[in-house]
Amino acid sequence: MWQPNKLEAERVERITELEARGIDPFPRRVRRTHSAAQAIAAYEAAEPAGAEAAQSTAVIVCGRVRRVNLKGKISFMHIEDESGRVQLMLRVNDLGEATYDLIKDKLIDTDDFVEAAGTMMRTKAGEISVLVREFTLLAKSLSPLPVVKQQVQDDGTVVEYGEFSDVEQRYRQRYADLAVNREVRDVFLKRAQVLRAIRRFMDNEGFLEVETPVLQPVYGGAAARPFTTHHNQLKQDLYLRISFELYLKRLLVGGYDAVYEIGRDFRNEGVSFKHNPEFTMMEFYKAYIDYTGVMDITERMLASVARDVLGGTQIVYQGQTIELAPSWTRLTMREAIRQFAEIDYMDYPDAASLEAAIRANGDSVAPGLPWGKLVGHLFETHVESKLIQPTFIIDYPRDISPFAKKVDYDDLHVERFEFYIAGMEMGNAFTELNDPRDQEQRFIEMAKLYKTGADDETPLDEDYLRAMRYGMPPNGGWGMGIDRLVMLLTDQRTIRDVLLYPHLREEK
RNA sequence: GGCCCUGUAGCUCAACGGCAGAGCAGUUGACUCUUAAUCAAUUGGUUGUAGGUUCAAAUCCUACCAGGGUCACCA
């Protein structure tokens with residue numbers, strides 16, 4: 001039940017007063033002809049032909065009132081729509097007493113939506129404005145938005161006074177955050193541009209965009225704990241997907257050469273500045289290439305997206321300049337760890353000796369981890385955060401990579417890479433395993449390695465094996481966290497700032 | 001889940017054991033080219049919740065709630 005505070009109660013009273021004056025605070029019809037930016041552009045376009053021509057530019061603009069400057073018988077307002085702001089000049093002589101009194105009696109609040117019909121002009125101070133002849137309330141605001149005043153400096157930069165910065169409130173009430181903080185709106189505009197740029201690139205590369213089930217009877221394709229749910233009528237337990245991998249690769253069996261999907265994954269794990277329980281994943285699978293071909297696509301894709309969205313391949317993330325243009329550094333996992341941790345894990349080819357070596361090196365590590373996880377631990381503690389420029393880390397331990405083909409030079413590694421930018425893992429890819437007998441063996445090994453019910457249990461997917469038995473072309477597969485890419489391209493420090501509604505606990 | 005930090009007016013913040021304050025906005029008034037408008041006056045609080053210590057608690061203690069950071073876990 002809504003308990004209006006004092007400021008809100010004042011606005012509720014104004015609705016009563018408006019209605020008493022015969023004014024509908026939430027009318028149905030709107031007559032907008034120009035966005036704020038279009039109105040200003042129309043004036044600028046007409047100006048070279050002379051002031052008289054420019055001042056005959058008739059517009060009807062609509063937007064949210066962001067500033068009211070009531071000074072007696074003349075008033076100024078700034079209204080804002082998605083395109084930007086435009087100033088209204090309102091005079092009692094032009095509007096008539098009855099309409100002007102709405103402003104004078106303060107029945108129009110900051111945050112209300114209004115419509116203004118008039119002609120364009122330039123004020124003495126030089127601001128292009130609408131000289132308003134008809135002024136209409138479009139929608140009343142009952143709760144005041146946080147006050148953020150802006151001053152435009154001579155050099156065009158905007159200085160803000162007052163702010164809405166409490167992160168909890170910003171996330172819980174994202175609508176207020178967006179309404180008040182222009183730069184937040186810009187992040188999500190850019191996010192949409194990133195997705196468009198990716199799809200454009202994939203189209204040009206000949207990929208087919210597909211959609212596969214979110215509700216899966218058997219989850220798989222990644223090491224993560226799933227969310228579970230239940231279909232009542234079918235009496236069937238289901239999992240929210242943790243990856244698209246197994247469903248997409250079945251499509252290569254079906255005869256598509258190159259497919260991709262962009263969609264939501266769900267992982268029932270910790271929340272952090274780079275983890276949200278639901279996040280946007282992209283995966284692609286392409287027949288007749290191996291992981292070197294996938295690396296090639298990765299470099300070209302990110303460079304292309306950066307060019308489309310930012311106009312160039314050089315970006316600045318949290319103060320660090322990063323060059324996304326090909327070719328990126330390629331480093332084997334073994335070489336990377338040798339460089340940064342000064343351990344050659346191949347000197348310790350079993351879990352027991354590697355664990356001892358890690359301890360001797362001064363690191364603490366959970367006891368009893370499989371060999372591949374120990375290698376991963378070394379990588380995460382010593383290497384990951386140092387990979388600022390785009391880097392492919394290639395050739396991963398076999399025992400933590402159940403869907404990748406073995407390398408040709410030993411039995412411990414597979415053709416897998418992850419790519420890192422700004423110290424963050426951005427994605428993961430393999431030369432995909434397509435031998436059904438080997439794949440079945442890997443499922444069995446994983447089951448031995450990770451107990452049933454463990455966070456990263458990899459259940460055996462019989463139908464996936466059945467598909468593979470029909471023959472799967474050799475292929476390269478790839479996955480990338482879209483949210484992290486958006487963080488990178490919009491210079492945001494946390495995943496919460498690139499998600500419109502990041503996950504929060506229930507409000508009490 | 002462990003540890004650390006934070007929670008005070010609509011927003012941003014002070015007060016750190018002794019009367020809970022400021023700026024912004026809000027309210028009232030003045031102003032027909034203002035733009036962080038200005039000038040004058042003025043309202044506004046269950047200090048996250050529940051207990052406890054104390055003559056006295058926003059302040060100290062305990063538990064809980066929420067957010068952030070970090071470690072664990074993961075992508």
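Because the structure is a prediction, the values reported are computed rather than measured. Each chain gets a letter, A, B and so on, in the order the sequences are listed, and its residues count up from 1.
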Using whole Å, report how far CD of Gln169(A) lies from P of C13(B).
11 Å

Send over the distance from Asn5(A) CG to U46(B) P, rounded to a whole Å.
11 Å

Which value, in whole Å, describes the distance between the C1' atoms of nucleotides A25(B) and A36(B)?
12 Å

Considering only U32(B), G10(B), U35(B), which nucleotide approaches the side chain of His78(A) most closely?
U35(B)

Using atom C1' in both nucleotides, what's the gap between U47(B) and A14(B) to the nearest angstrom?
13 Å

Length of the line joining His275(A):NE2 and G1(B):P, which is rounded to integer Å
18 Å

Checking contacts here: which listed nucleotide (U32(B), C11(B), U35(B)) is nearest the side-chain heavy atoms of Gln87(A)?
U35(B)

Note: for Gln150(A) and Ser165(A) on RNA chain B, the residue whose nearest nucleotide lies more 5' is Ser165(A)

Minimum heavy-atom distance Gln320(A)-Ile388(A), with the two atoms named:
NE2-CD1, 3.5 Å

Listed pairs, N/O of protein and of nucleotides 69-72 of chain B, under 3.5 Å:
| from | atom 1 | to | atom 2 | distance (Å) |
| --- | --- | --- | --- | --- |
| G69(B) | OP1 | Arg496(A) | NH2 | 2.8 |
| G69(B) | OP2 | Arg496(A) | NH2 | 2.7 |

Select from Leu504(A) and Phe279(A) the residue whose nearest nucleotide in RNA chain B is closer to the 5' end of that strand.
Leu504(A)

Under 4.0 Å between a side-chain N or O of Arg67(A) and OP1 or OP2 of A37(B)?
yes

Do Glu97(A) and Lys73(A) meet the salt-bridge criterion of a basic N to acidic O distance under 4.0 Å?
no

Checking side-chain hydrogen bond (donor to acceptor under 3.5 Å, both in side chains) for the pair Asn276(A)/Arg496(A): CA distance, chi angles, key distance, verdict?
CA-CA 8 Å; Asn276(A) 196 65; Arg496(A) 292 182 284 265; over 6 Å; no

Roughly how many Å is it from CD in Glu168(A) to P in C11(B), rounded to a whole number?
12 Å

Any side-chain N or O of Lys149(A) below 4.0 angstrom from OP1/OP2 of A37(B)?
yes

What is the distance, to the nearest angstrom, from the CG atom on Leu142(A) to the C1' atom on G10(B)?
14 Å

Ignoring backbone atoms, establish whether Arg172(A) has a side-chain N or O less than 4.0 Å from OP1 or OP2 of G67(B).
yes

Is the distance from the ring center of Tyr219(A) to that of Tyr239(A) below 6.0 Å?
yes

Counting side-chain heavy atoms from CB outward, which of A36(B), G10(B), U32(B) is closest to Gln151(A)?
A36(B)

Ignoring hydrogens and angles, tell me if any N or O in the side chain of Asn361(A) forms a donor-acceptor pair with the backbone of Asp363(A) under 3.5 Å.
no

Go through the side-chain N and O atoms of Tyr285(A) and Glu283(A) and say whether any donor and acceptor fall under 3.5 Å apart.
yes

So what does Phe164(A) touch, heavy atoms closer than 4.0 Å: a base, only the sugar-phosphate, or nothing?
sugar-phosphate

side-chain hydrogen bond (donor to acceptor under 3.5 Å, both in side chains) between Arg191(A) and Thr280(A), intermediate numbers included
CA-CA 11 Å; Arg191(A) 182 178 174 121; Thr280(A) 301; 3.3 Å; yes

For Met89(A), which contact category applies under a 4.0 Å heavy-atom criterion: base, sugar-phosphate, or nothing?
base

We want to know whether Gln151(A) and Tyr161(A) form a side-chain donor-acceptor pair, criterion being a heavy-atom distance below 3.5 angstrom.
yes

Please determine, by modelled atom types, if Thr298(A) and Trp478(A) share a side-chain donor-acceptor pair under 3.5 angstrom.
yes

Determine the contact category for Glu160(A): base if any of its heavy atoms lies under 4.0 Å from a base atom, sugar-phosphate if only primed atoms, P, OP1 or OP2 are that close, otherwise nothing.
nothing

If the test is ring pair (Phe, Tyr, Trp, His ring centres under 6.0 Å), which one of Tyr396(A), Tyr291(A), Tyr345(A) qualifies with His413(A)?
Tyr345(A)

Just how far, in rounded Å, is P of C11(B) from CG of Asp177(A)?
14 Å

Please list, in numerical order, the residues of residues 120-127 of chain A that have a heavy atom closer than 4.0 Å to any atom of RNA chain B.
Met121(A), Thr123(A), Lys124(A), Ala125(A), Glu127(A)

Which pairs count as ring pair (Phe, Tyr, Trp, His ring centres under 6.0 Å) when at least one residue sits in residues 68-115 of chain A, sequence neighbours excluded?
none

Whether the side chain of Asp395(A) engages the backbone of Met333(A) through a donor-acceptor N/O pair (distance < 3.5 Å, no angle test) should be reported.
no

Distance check, C1' atoms only: C24(B) and U62(B), in whole angstrom units.
38 Å

Inter-residue atom distance Glu432(A).CD - Lys286(A).NZ, 0.5 Å rounding
14.0 Å

Do Thr119(A) and Gln55(A) have side-chain atoms, one donor and one acceptor, less than 3.5 Å apart?
no

Check the side chains of Arg11(A) and Ser141(A) for a donor-acceptor pair under 3.5 angstrom, ignoring hydrogens and angles.
yes

Would you call the rings of Phe392(A) and Phe419(A) parallel, tilted or perpendicular, taking 30° and 60° as the class edges?
tilted

Please enumerate all protein N or O atoms sitting under 3.5 Å from an N or O of nucleotides 2-8 of chain B, with distances to 0.1 Å.
none

Answer with base, sugar-phosphate or nothing: what part of the nucleic acid does Arg91(A) contact at a heavy-atom distance below 4.0 Å?
base

From the list Arg185(A), Arg64(A), Arg67(A), salt bridge (Lys or Arg N to Asp or Glu O under 4.0 Å) with Glu80(A) holds only for Arg185(A)

Sole candidate of Leu499(A), Asp497(A), Val184(A) that passes side-chain contact (heavy atoms from CB on, under 4.5 Å) when paired with Gln492(A):
Asp497(A)

Select base, sugar-phosphate, or nothing to describe what Asn428(A) touches, counting heavy atoms under 4.0 Å on all strands.
nothing

Students often get this wrong, so: under 4.0 angstrom with heavy atoms, is Leu145(A) touching a base, only sugar-phosphate, or nothing?
nothing

Is it the case that the side chains of Thr212(A) and Glu261(A) hold a donor-acceptor pair, with the cut-off being a distance below 3.5 Å and no angle test?
yes

Over how many whole Å does the gap from Leu90(A) atom CG to C31(B) atom P extend?
17 Å

Can you give the dot-bracket line for RNA chain B, where a pair is Watson-Crick or G-U wobble with both atom distances under 3.5 Å, crossing pairs use [ ], and | marks a partner on another strand?
(((((((..((((....[..)))).(((((.......))))).....(((((..]....))))))))))))....

Assign Ser143(A) to base, sugar-phosphate, or nothing according to its heavy-atom contacts below 4.0 angstrom with the strands shown.
nothing

Report which part of the nucleic acid Val152(A) touches: base, sugar-phosphate, or nothing (heavy-atom distance under 4.0 Å, all strands).
nothing

What's the NZ-P distance between Lys71(A) and A30(B), to the nearest Å?
14 Å

Tabulated below should be each protein N or O lying under 3.5 Å from an N or O of nucleotides 27-29 of chain B; please produce it.
| from | atom 1 | to | atom 2 | distance (Å) |
| --- | --- | --- | --- | --- |
| U27(B) | OP1 | Arg14(A) | NH2 | 2.4 |

